[in-house]
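Here is the naming used below: chain letters follow the sequence lines, and residue numbers restart at 1 for every chain.
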Amino acid sequence: MKNAAELTTTMRRGEIIAAVVLLLLSAGIIAGAWEMPVGSAAQPGAAIFPLGLGFLLGLISLGLLLRAVRLRGEEAAEPVQIGHPQIWLTLFILFIVGLVFDWLGYLISATLLMAVLLRSYSTLRWHVVLLAAVGASIVSWLIFSQLLDASLPMGVLEPLLR
Amino acid sequence: MMSYLIDGFALALRPDNLLYCFIGVFWGTIVGVLPGLGPLAGLTLLLPLTFHLEPASAIIMLAGIFYGAMYGGSTTSILLRMPGEAASVITCLDGHEMAKQGRAGPALVVVAIGSFVGGTVSVVGLMMFAPLLAKLMLQVGPAAEFALMVFALLVMSLIGTGHVLKTVTMILLGLVIGTIGLDPITGYPRYTFGLIELSDGISFVGMALGLFGVSEILLNLENIANVKPIRPTLKSLMPRWQDLRDAAPSIGRGSAIGFLFGFIPGISHVISTFVSYAVEKRISKHPEQFGHGAIAGVAGPETANNATTGSAMIPLLVLGIPAIPATAILLSALMIHGLQPGPELISKHPEIFWGLIASMYIGNFMLLILNLPLVGLFVNLLRVPYAYLAPTVLLFCIIGIYSVNTNASDILIMVGFGLLGYLLRKFKFDAAPLLLAVVLGERIEVSLRRALIISDGSYIGLLQGGASKIFVSAVVLLVVLQFVAVLLGYRKKMFSDV
C-alpha cells in the first residue's frame, strides 16, 4: 500500500530528471573550472581535468536525456516508489546526529539515534526502547572507546566522565 | 620466492596475526550472511579499528573480511533464498532448491570445499603472477599508466550490468568527485567553496559507507521480508560420495573462471558466478536439472566468486588499481598505513605482500574448518529482527566513520551519499563504478598531466613507448567495440542471455 510520504514516479520520468540534474551539474563543473588556472598543454593547470570532465559529463547527460525521452514500453512505465516514511526519518535522525555529535557527545547522540530508530522500526514500548537505547550506547561505547581505543567524543558529558 | 613465503608464514602464524586473521574471516562471514551488509560495509566498519595495528596485521584482518564475506553470502542463499551479497545471487537458484529437498547440508559442504579450493587456487595464482607483473610494471611511464587506468574504467563500463550510458555517467561523476580538494600538483583549491573540511577531498570511507552501507539499509526498510530459514542438523551436513564426484569438475572449472575474471575491473566477482553457472549448464549432460537443485549449479559459481578474491588482489597490489569496490577499501587502508600499492610494494614491503599471501592460505583453511560447525550460529543470527539489526548497523557506521578522522562532518557526508546511493539504485544506476573512479581519479589526472609535461604538451607524445601504444590501442579498440555493441544491441542481448 502506498504511503502518503512516498513519491511515485516512472523510470522514464526519473531518468529525465536525473539527466537534467546532471546537465546542470556539468554546467556548474565547467563554470567552477573556468575560475581555475588553465595553464598550457605543456604545463597543464588545475582547470584542465575538471573542465574536460565537465564537458564529457554534459555530453553523456544529453545522451541520457535523449535515451530517456525516447524510452517506451514496459521499461519507461516501470513505477518507482521513493521514500518510505521510515527512510526519511532515518536520514533525518542521522543528519541531526551528524550535526550534534561533537557537542552532545557519543553517549547522548547514540541513545537518541537508537531510541528514535528502535521506536520507529519496532513495536516496542517507549520505556523498553529507552532502556535498550541507553544500554546499546553504553555497551558500544565501552567496547569501541574503552576496549578498542576508537576516538569518540564525550561532548557535554566530558566533565562527568573525566 | 620460497624464502619470502616462509617469512610470510612466520609473520602470518604469529599469535596476534592468527587472531586478526580469525577476526577478519569470522566478521567477514557474518557480514556476508547478514542481508544488508556486504564485504564493503564490513570492511569500512572495521577499517578505523585497524589504525592502531601494524600495517601487516591490518591488511591480514581486512583481507580476511573480504574473502570471508564471499563465503558467508552463500549460506543465506541456500537456507533462505536470500543472497547475503551480490556474488551469491545465482546460488539461490539451485542451492535453495537443494535445501527444500532436504539437502541443505551437502550444498553447504560443497560450498565450503569449493570456496576453499577456489580461494587457494587464486592465492597460488596471486603468488605466481603478482611479482612477475610488478617487474614489468616498473618499466611503465606516466603515459602508459594513464592509458592503463582509462582502460580499466572502460572495461568497467563494458561489463557493468546497467545501461552503458548510466555506467559511464557514474564513472564521470566519480572522477569529478575525485577532483574536489587541493589540486594534487599545484595545490590550487578546487570546488572547496572555502571550506577547510573539503581541502582533503570528500571522505572516501564516508562515501563508501553511505553508498553501500546506509543505502542498503534504506532499501531494506522498504521490504523487511518475513522469511523462515531452513535449519540443517549437523548429521544432515554430510554429502554423499556422488555429490562430491558431481561437484569436483565444477569446482575445477569455477576456480579457473573466477581467477581469470578477478583481473577485470568492475563487478567481476558477480559476473564470474553468472559465467560459471552458464558454463556448467551448457556442458552438463542434464541441463534440465539446473534450477531444480543441481549441485554443479552451486559448486561452480560459489567456487568462482571465491577464486576472484586472489586475482582481484593482483591489480590492487601490483598496479594500485582496485578491481572491485571491496579492494578499493583495501587500497585506502594500505594508504592510511603509509603504503603505496603499485609495482614497488612487493620489493619495498615484501613482509606485507608475503604475509598477506600466507594469511590467505591460513584464512581459507580457517573458513573450511570453522564455518560448517558454525552454520547453526549464522542461521540464528538471521533470527535477529531487522528492526533491531538496522539501528545497530547504523550506529556502527557512525562509530566507524567518526573514528577515521574524528570529524563529525564525515557523518553528514555519509548521510548524503546514503541518500544518493538509495536514489541511484532506485533508478538502476550502479554505484560501484563511481566509487572506483573516485579512487582512480587523482592518479589518472596526475599521470596525464605528467605525461603531457614530459611530452612538452604533445598529445601524440603520449603514444611514445611500447606499453603506451598497447594500452592506448586497447582503449581505442574498447571505445569502438562499445559503440558497435550498443548500436547492434549486442550488450542487451548478452545480459538478457545470462
Handout entry: Test side chain to side chain contact (heavy atoms under 4.5 Å, CB included) applied to B:L394 and B:I217, B:L389, B:L209, the passing residue
Key =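 Of the listed residues B:I217, B:L389, B:L209, the side chain to side chain contact (heavy atoms under 4.5 Å, CB included) partner of B:L394 is B:I217.
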
Highest number of heavy-atom pairs under 4.5 Å with chain B: which of [options]?
{"options": "A:L118, A:V116, A:L117, A:I60", "answer": "A:I60"}
{"options": "A:P37, A:A136, A:A110", "answer": "A:P37"}
{"options": "A:I29, A:T90, A:V97", "answer": "A:I29"}
{"options": "A:G32, A:S40, A:G45, A:A19", "answer": "A:G45"}
{"options": "A:A42, A:G63, A:G98", "answer": "A:A42"}

Under 4.5 Å from any heavy atom of chain B - which part of [X]:
{"X": "A:E35", "result": "backbone"}
{"X": "A:L25", "result": "side chain"}
{"X": "A:T9", "result": "side chain"}
{"X": "A:F95", "result": "both"}
{"X": "A:I93", "result": "neither"}
{"X": "A:L22", "result": "side chain"}
{"X": "A:A33", "result": "both"}
{"X": "A:L113", "result": "side chain"}

Closer than 3.5 angstrom, by distance alone: can the side chain of [X] be matched with the main-chain N or O of [Y] as a donor-acceptor pair?
{"X": "B:T406", "Y": "B:Y402", "value": "no"}
{"X": "A:S140", "Y": "A:S137", "value": "yes"}
{"X": "B:S447", "Y": "B:I444", "value": "yes"}
{"X": "A:R12", "Y": "A:V69", "value": "yes"}

Toward chain A, the part of [X] with a non-hydrogen atom under 4.5 Å:
{"X": "B:T392", "value": "both"}
{"X": "B:T169", "value": "both"}
{"X": "B:L395", "value": "both"}

Problem - A:W34 vs A:L51 side-chain heavy atoms within contact, under 4.5 Å - result: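 Sidechains of A:L51 and A:W34: in contact.
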
Exercise for the section: Classify the side-chain pair B:T50/B:Y20 by whether it contains a donor and acceptor separated by less than 3.5 Å. Expected result: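 B:Y20 and B:T50 do not have a side-chain donor-acceptor pair below 3.5 Å.
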
Practice task
Count the heavy atoms of every other residue, nucleotide or ligand shown that sit under 6.0 Å from CG of B:D200, and state whether that count exceeds 12.
Solution key: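 It does not: B:D200 CG has 12 such atoms or fewer within range.
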
Exercise for the section: Anything in residues 189-197 of chain B with a heavy-atom distance to chain A below 4.5 Å? Please list those residues in order. Expected result: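 Hits under 4.5 Å: B:R190, B:Y191.
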
Problem - Closest heavy-atom pair and its distance - B:S203, B:I401 - result: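 Where B:S203 meets B:I401 most closely, the heavy atoms are OG-CD1, 3.7 Å.
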
Exercise for the section: Taking all heavy atoms of B:I453 and all of A:P44, pick out the closest pair and write down the distance. Expected result: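 Result for this residue pair: CG1-CD, 4.0 Å.
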
Handout entry: Charged N-O contact under 4.0 Å between B:K428 and A:E15
Key =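 Salt bridge: no.
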
Table please: side-chain donor-acceptor pairs of residues 419-427 of chain B below 3.5 Å, with sequence neighbours left out.
residue : atom : partner : partner atom : Å
B:Y422  : OH   : A:G83   : N            : 2.8
B:Y422  : OH   : B:E222  : OE2          : 2.5
B:R425  : NH1  : B:E216  : OE1          : 2.9
B:R425  : NH2  : B:E216  : OE1          : 2.9
B:K426  : NZ   : A:Q81   : O            : 2.8
B:K426  : NZ   : B:E222  : OE1          : 2.8
B:K426  : NZ   : B:E222  : OE2          : 3.3

